[in-house]
Amino acid sequence: MSNDGNEGTVGGVGDGAELDPTEARLADALERVAHGAVVSTPSILAQRGLTLAFTALLTNTFAAGPYGLFALARRLSRFLRRLAMGFGSGLSRFLPTVEDPAERDALATFAAALVVGVSALFGAGLFLGAPAVAAFTGKGPPFPLYLRAFGVGLPLTVSLFLIARVLRATEEVTALNVFQRVAFPLVQLAVGVAGAVIVSDLAGVAVGLPVAMGALALVGAGWLARSRGFRPRVRVPDAAAIRSRYVGYTTPLFLSGFATTTQRLGFYPLIAVFLSGTAGGVFAVGVLVGSLVRLPLMAINQFIPPVAAALNDDDHSDALSRLYHVTSRLVLVGVVGLSVPTIVHREAVMALFGPTFVRYAPLLPGFVLAQVLACAAGSVGILLRMTDHQRALLVVNTAITLFLAVTAIPLTIELGLAGLVASYLLMLGVNNGLEVAVLYRVEGLQPFTRAHAKPLLSAVPFAAVALAARGLLPRGPAAVVGTLLGLAAYAAVLRVLGFSPVERRLLATLVERYRLGLSRLRDRAVGGLDP
């Protein structure tokens with residue numbers, strides 16, 4: 001476990017000293033990652049809020065059983081989408097280091113053709129196999145219709161996420177957030193409203209979602225072409241070498257995707273075989289709420305890939321290690337702050353989705369704690385990929401998938417939905433622990449420092465305040481008051497325990513950056529009003 005007591009002592013905030021090269025690289029990398037996180041956080045919050053509204057609209061409009069079948073079909077198609085996107089993983093690895101626009105275009109064109117082609121094959125398989133899947137799982141109509149709608153639309157869905165990968169790889173912060181975090185969930189909500197209010201049928205939502213996502217992908221591709229000069233390109237010097245390098249890098253990630261996707265979404269086939277449609281709906285809602293707790297890691301991860309890839313390519317291992325320490329620490333602060341009120345006020349949270357879901361509120365802590373275990377390791381999977389250890393990641397994820405198979409199936413058969421949630425918690429905990437061990441073995445990188453204990457200690461008064469509010473007030477007011485007062489106590493204890501010099505310097509840098517940005521914006525506004 002690393003000691004960060006000396007972190008940032010050279011050139012700390014306000015001392016005016018020059019930073020040594022490692023400190024300078026760390027400061028630059030942290031500012032780029034943190035700026036991406038700060039700019040991304042409002043849009044991620046908007047995305048999750050709109051997704052929450054979309055889910056609540058469907059769960060409150062339709063019964064839990066039909067919604068569960070819809071969610072199950074969509075998650076099964078997402079399983080295939082994630083597999084296909086394994087061939088898109090090389091974009092974040094190679095686009096940041098490409099200097100020639102022609103090579104950039106050829107790389108993006110080849111990746112797009114590969115990903116969309118594979119997704120078309122998967123989609124055709126889902127369409128043709130829908131009756132067999134429905135018969136095997138015992139799920140009657142309209143389950144096969146949902147499967148076929150998502151199967152036909154799979155290439156359209158994949159195109160949307162492919163555009164987002166290109167935007168992330170090129171560090172297009174604003175465009176990425178507008179495109180993926182705001183426009184997509186708005187379109188999704190609009191489709192949900194149309195399906196619930198106008199069509200009054202979930203089949204309309206299943207058909208409309210892929211079509212809307214494909215249309216949005218066309219808009220994103222047009223923006224990349226007009227604003228960043230991306231063009232479809234096949235013939236460039238060394239085209240065969242570019243394609244060979246890309247395929248060589250992404251093939252292990254694609255194969256690893258069978259394992260990682262089984263870990264993330266393999267629970268839905270278990271639901272299809274062993275549990276009811278209502279259980280599928282509850283599990284989908286639990287995963288959605290758990291993903292809200294994951295927001296800090298999602299924000300940090302927006303631009304960790306290109307930054308980590310650049311540090312690795314330039315052999316700045318010390319700066320990369322310390323970047324990992326600081327970012328994982330900041331993630332833990334945010335994740336703990338979101339987890340405590342979600343667990344304490346779990347009935348109020350599940351009530352958003354209707355009375356059926358409140359009965360399953362005791363299972364919600366399992367989903368939340370699973371995300372805490374996953375996020376505590378920081379960007380471990382990304383760092384394994386960006387340091388070119390994708391084969392090690394393949395081995396790890398294959399082992400974890402086998403572990404999942406031998407534990408989740410008997411737990412689900414024996415305990416039902418509770419056993420499935422326990423498997424989910426166990427899988428994420430073991431998976432991230434093993435990935436941390438492998439990353440330390442191959443690169444000497446690990447996320448933890450003594451400062452990681454600070455948010456855990458600060459969570460104790462937060463939980464005490466939240467529990468007191470829950471005991472004294474009705475459900476809704478208790479959730480609001482307990483969360484606000486608890487966050488105040490959490491922040492106060494964190495401040496008393498203190499932040500490291502590098503964290504204070506990062507905060508000062510960001511404050512200065514946004515102060516200057518607002519000042520320039522104000523000057524332009526005032527200048528525009530002058531006669």
Side-chain angles (χ1 to χ4, degrees), residues 43-78 81 126-127 130 134 139-154 156-157 160-161 179-217 219 265 268 271-272 275-292 347-361 364 476:
S43 60
I44 293 175
L45 286 171
Q47 179 197 31
R48 293 301 170 180
L50 291 167
T51 302
L52 195 70
F54 170 77
T55 304
L57 172 68
L58 297 187
T59 58
N60 284 283
T61 302
F62 304 99
Y67 171 75
L69 292 178
F70 170 85
L72 182 60
R74 193 180 186 193
R75 295 284 174 156
L76 291 176
S77 72
R78 188 174 296 176
R81 187 201 83 203
L126 183 60
F127 180 87
K139 302 292 189 292
F143 187 56
L145 177 60
Y146 296 157
L147 289 174
R148 284 186 156 172
F150 289 126
V152 169
L154 191 61
L156 300 176
T157 303
L160 176 76
F161 289 91
F179 176 72
Q180 186 177 15
R181 307 295 184 190
V182 179
F184 164 56
L186 276 173
V187 168
Q188 177 180 250
L189 182 59
V191 172
V193 170
V197 177
I198 300 174
V199 182
S200 298
D201 191 348
L202 279 167
V205 182
V207 172
L209 280 175
V211 173
M213 293 167 79
L216 193 57
V219 174
L265 297 174
Y268 291 94
I271 293 170
L275 301 177
S276 66
T278 299
V282 172
F283 194 85
V285 166
V287 171
L288 172 62
V289 174
S291 72
L292 298 177
E347 288 86 2
V349 172
M350 295 300 277
L352 296 173
F353 303 95
T356 300
F357 294 87
V358 178
R359 297 202 301 269
Y360 295 92
L364 187 59

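All of these numbers come straight from a predicted model, not from anything done at the bench. All heavy atoms count here, side chains included; hydrogens, waters and symmetry mates do not. Count residues from 1 along the sequence.
- The structure places CG of Leu156 at 9.0 Å from CE of Met213, a figure rounded to the nearest 0.5 Å.
- Considering only residues two or more places apart in sequence or on other chains, Ala206 meets the side chain to side chain contact (heavy atoms under 4.5 Å, CB included) condition with Phe70, Tyr146, Ala149, Phe150.
- Within the model, atoms CZ of Phe357 and OG1 of Thr55 stand 9.0 Å from one another, a figure rounded to the nearest 0.5 Å.
- Taking each heavy atom of Val211 and Val207 in turn, the nearest pair found is CG2-O, 3.5 Å.
- Between Ala284 and Tyr67, the closest heavy-atom pair is CB-OH, 4.4 Å.
- Note: Leu202 CG to Leu69 CG = 9.0 Å, rounded to the nearest 0.5 Å.
- Note that CD of Gln47 and CZ of Phe184 are 7.5 Å apart. Values are rounded to the nearest 0.5 Å.
- Among residues two or more places apart in sequence or in another chain, the side chain to side chain contact (heavy atoms under 4.5 Å, CB included) test is passed with Ala351 by Val358, Arg475.
- Remark: Leu50 engages Pro185, Leu186, Leu189 in a side chain to side chain contact (heavy atoms under 4.5 Å, CB included) (not counting sequence neighbours).
- Side-chain contact between Leu160 and Phe179: present, with at least one pair of heavy atoms (C-beta onward) separated by less than 4.5 Å.
- Qualifying side chain to side chain contact (heavy atoms under 4.5 Å, CB included) partners for Leu126, counting only residues two or more places apart in sequence or in other chains: Ser77, Leu80, Leu147.
- A search for side-chain hydrogen bond (donor to acceptor under 3.5 Å, both in side chains) contacts involving Arg81 returns nothing, not counting sequence neighbours.
- In this structure, Leu72 CG and Phe283 CZ are separated by 11.0 Å, a value rounded to the nearest 0.5 Å.
- Considering all non-hydrogen atoms of both residues, Val191 and Leu209 come closest at CG1-N, 3.8 Å.
- Across every non-hydrogen atom of Pro144 and Ala130, the tightest pair is O-CB, 3.8 Å.
- For the pair Gly192 and Leu58, the tightest heavy-atom approach, listed with the atom from each and the gap, is O-CD2, 4.4 Å.
- Expressed to the nearest 0.5 Å, how far CD of Gln180 lies from CZ of Phe161 amounts to 6.0 Å.
- The shortest non-hydrogen separation linking Val187 to Ala212 is CG1-CB, 3.2 Å.
- Listed by first then second residue, pairs satisfying side chain to side chain donor-acceptor pair (under 3.5 Å) with a partner in residues 185-212 read Arg74-Gln188, not counting sequence neighbours.
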### Message
Checking Phe353 against Val289 for the side-chain contact (heavy atoms from CB on, under 4.5 Å) test, could you report, in this order, the C-alpha distance in whole Å, the side-chain angles of both residues, the deciding distance, and whether it holds?
### Response
CA-CA 11 Å; Phe353 303 95; Val289 174; 4.0 Å; yes
